[in-house]
Trainee: 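I am attaching a structure below and will ask some questions about it afterwards.
The chains referred to below are lettered A, B, ... by the order of the sequence lines, with proteins before strands, and numbering in each begins at 1.
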Number of protein chains: 2
Amino acid sequence: MSDATFDDVLRIASPEADSQAEHGPVRIEEVARLAQVSPITVSRALRRPQMVSAVRRERIMKAVEETGYSSNPHAKALKSGRSDIVAAFVSNILSEQFSLAIEGLSDVLEAAGFQVALGRTSYSYGRETTLIRSLTAIRPAAVFITGVMELESNRTFLRNMGIPIVESWALARDPIDMLVGFSNADGARMVAEHFAAKGYRKVAFIGRSGGRGMLRLNSFTKSCEQLGLKLCRRISRDTVSGIPEGRQAMQDLIGEGSDVDAVFCASDLLAIGALLEARGRGLDVPGDIAIAGFGDSTLAEEIMPGLTTIAADTRKLGAVAGQMLLDRLQETQPEETQAGHAIRNIPLRLIERGST
Amino acid sequence: MSDATFDDVLRIASPEADSQAEHGPVRIEEVARLAQVSPITVSRALRRPQMVSAVRRERIMKAVEETGYSSNPHAKALKSGRSDIVAAFVSNILSEQFSLAIEGLSDVLEAAGFQVALGRTSYSYGRETTLIRSLTAIRPAAVFITGVMELESNRTFLRNMGIPIVESWALARDPIDMLVGFSNADGARMVAEHFAAKGYRKVAFIGRSGGRGMLRLNSFTKSCEQLGLKLCRRISRDTVSGIPEGRQAMQDLIGEGSDVDAVFCASDLLAIGALLEARGRGLDVPGDIAIAGFGDSTLAEEIMPGLTTIAADTRKLGAVAGQMLLDRLQETQPEETQAGHAIRNIPLRLIERGST
DNA sequence: TTGTACGCGTTATCAG
DNA sequence: CTGATAACGCGTACAA
């Protein structure tokens, strides 16, 4: 312990001393005794109120209130073979867009009594596989993935668990189960069309070489051809894409002395890095070079001169995913709970700002 | 479903068909049968290997391998009255610093077989209280908080759970249990000293009015007095502090026609908003006005002309917290597991960049 | 509508 | 060192 100064921290006293935690957790039996019924009746009163007479139900509810009873989720999970946990796989929790999706998801699910457990795959198949295998033990009620599961073995494994699954972030043709995504291809096309409309002719692409970066590049390439744009340069890296990588890529581009008009960056962070580098070297954006991104991060609006980008409402995406899972979890006829291959599309829009 | 273009998504086939999930989870009994021992011996072989003879232990381990057995965490939790879940309370998952702390925490804990469950308090006492109460049901093994619990009732509740708890992000004098923090007061003083050393004399403060914002303001105020700096203006808001709020605050400051030299913003995002606004209005930073932040976000380094800021290694903070929890969880004599009031200090340093 | 008996998978206890 | 027995708290199946 160094001699650092201690902070004086706010403390807020509360009148009622809450000694509830002292006596350990309340069991259903205690509630039953208080309400003068059997434990199973308490259980029913909570799970299927209409199965219990009004008189007892009220007595029970009162006892529940008084004791602060809530059922033990582990016992419940053990009995039912299924927990109230929804597993959410995220490649990178530092991503604003993924975090927003998780917020949307957990807002919906927590309101319905489910817990969201985060698993970080860190863009690694190894970690992803490890996490997937651990699901056998946890017995989640459902699974959400910010992305599409790529390894066929993991897809099979998840499918065999027989629980609702939502993949996301792309409009894949045959999801494991359900899907809520947006069309990366459309987004890339919108950028190409925007470039064409603004009169840019010689364009470049910066992005990750795998996954969605690749999707965006493929579509961008095709659209450029159709629109008569010349795609002079593609800079792909397979590392995670942040501001420094964007800077580096732009540096490469400029260093080559290329005469590119406009650059499409497959993520906002890449685009912001590129933009900062370009301006730092005295280039005018968009005069000397136009830049567009993907994702509509907070920064896209704040940075000078404003970043043109493709926006998807990812908080909504998460909320929709949560609702799809809930719908399936709360279905009355579990027999019908076959993989429905429901697909929901989240529309994209291009937001034009100063950078193009 | 609109007519959006379907993306072609990468699929990676894998040679070995893994049919493990088909047959439902493997139970300890199956392993026992395979190894020709009783279930309890399997349990012991896994939890206390030295209690089982080498011969059987090997047979058992082989059977575990073959079946892919892993113990059911719900049954374990039910039996032991304690789960392998560590609850982590975060006020805002969109914060880069908090996310890094969570990464550090879960890297350490997951390696030791614990699961980290995130609870978002959203800077709301109500949500915090709700989450705290829900812990009774979940029976976490331990609790981590990115911040200091302020409500006395919640502090009591947590203390009474009798599990290891780590608060963080400030050097509070009497933590509920353990603490790993940095001195917000020191950080603010470092900024004041830096301003003084650079010759700035008329300074301002922008920050949140509660919690750590207040800590930083108090210390900054005192340091300014001691150093002969004139603290002309304090702009406090009680909302979450992002780039837009920083912009707004700087706008207020400039609008008043004040002749402030330098501004200390209690968070990097506020500082970046302020910086963008100042430059957007044609002010030179630091010529016309110097700006310093707190947190050392990625952006601080990237933005022009570089943001002077107070850096704390929050990933390390999370890792240290995880280790403190682990040490307590793995203590052999549970009798000694009294609230130790261990306090660890994470040093701060001022990073000077172009903005001052 | 209500209650009894039992089992979910694991591990502590105690006897061997 | 090993195994039989019981119990963790809840909810399903069945009986009343």
Trainee: Could you tell me how far apart B:Glu29 (CD) and C:dT11 (C1') are, to the nearest whole angstrom?
Mentor: 14 Å

Trainee: Can you tell me the distance, in whole Å, between the CZ atom of B:Arg57 and the C1' atom of D:dC1?
Mentor: 12 Å

Trainee: Could you check A:Ile28 against A:Ser43 for side-chain contact (heavy atoms from CB on, under 4.5 Å), going step by step and ending with a plain yes or no?
Mentor: CA-CA 8 Å; A:Ile28 201 170; A:Ser43 175; 3.8 Å; yes

Trainee: At 4.0 Å (heavy atoms only), tell me whether B:Glu30 reaches a base, stays on the sugar-phosphate, or touches nothing.
Mentor: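 If one applies the 4.0 Å heavy-atom cut-off, B:Glu30 turns out to touch nothing in the nucleic acid.
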
Trainee: Have a look at A:Asp177 and tell me which of A:Arg328, A:Arg159, A:Arg155 forms a side-chain hydrogen bond (donor to acceptor under 3.5 Å, both in side chains) with it.
Mentor: A:Arg328

Trainee: Any side-chain N or O of B:Arg56 under 4.0 Å from OP1/OP2 of D:dG3?
Mentor: yes

Trainee: Please state whether the phosphate of D:dG11, meaning OP1 or OP2, lies under 4.0 angstrom from any side-chain nitrogen or oxygen of A:Ser80.
Mentor: no

Trainee: Name the closest nucleotide to the B:Val52 side chain, picking from C:dT10, C:dC8, D:dT2.
Mentor: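 Closest nucleotide to the B:Val52 side chain: D:dT2.
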
Trainee: Looking at B:Arg120 and B:Glu128, is there a salt bridge between them, counting it only when a charged N and a carboxylate O are closer than 4.0 Å?
Mentor: no

Trainee: If you only use heavy atoms from C-beta on, which nucleotide in C:dT11, D:dG9, C:dG3 is closest to the side chain of A:Ile40?
Mentor: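 The answer is C:dG3.
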
Trainee: Closest-nucleotide mapping onto DNA chain D: is B:Gln36 or A:Asn72 further toward the 5' terminus? I mean the 5' end.
Mentor: B:Gln36

Trainee: Pick one: which of A:Glu66, A:Glu65, A:Glu58 meets salt bridge (Lys or Arg N to Asp or Glu O under 4.0 Å) with A:Lys62?
Mentor: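 Testing each of A:Glu66, A:Glu65, A:Glu58 against A:Lys62, the sole residue satisfying salt bridge (Lys or Arg N to Asp or Glu O under 4.0 Å) is A:Glu66.
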
Trainee: Which nucleotide in the list D:dA7, D:dG3, D:dT2 gets nearest to the side chain of B:Ser38?
Mentor: D:dG3

Trainee: Tell me whether the side-chain N or O atoms of A:Arg44 pair up with the base of C:dG3 as donor and acceptor below 3.5 Å, since no angle test is needed here.
Mentor: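 Check passes, donor-acceptor contact within cut-off.
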
Trainee: Does OP1 or OP2 of D:dG11 have a side-chain N or O of A:Ser43 closer than 4.0 Å?
Mentor: yes

Trainee: Tell me the interatomic distance from A:His74, atom NE2, to C:dG9, atom P, rounded to whole angstroms.
Mentor: 17 Å

Trainee: As a test of reading the structure: which of D:dC10, C:dT11, D:dC1 is closest to the side chain of B:Ser53, going by heavy atoms?
Mentor: D:dC1

Trainee: B:Met51 has an atom CE; how far is it from atom P of D:dG3, in whole Å?
Mentor: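 Spelled out: CE on B:Met51 to P on D:dG3 is 12 Å.
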
Trainee: Could you work out which one of D:dG9, D:dG3, C:dT2 sits closest to the side chain of A:Lys79?
Mentor: D:dG9

Trainee: Under 4.0 Å from OP1 or OP2 of D:dG9: is there any side-chain N or O of A:Tyr69 that close?
Mentor: no

Trainee: Can you tell me which nucleotide in C:dG9, C:dT2, D:dC10 comes closest to the side chain of A:Leu78?
Mentor: C:dG9

Trainee: Taking only Lys NZ, Arg NE, NH1 and NH2, and the carboxylate oxygens of Asp or Glu, determine whether B:Asp174 and A:Arg11 approach each other closer than 4.0 Å.
Mentor: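 Salt bridge between B:Asp174 and A:Arg11, a charged N being under 4.0 Å from a carboxylate O: yes.
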
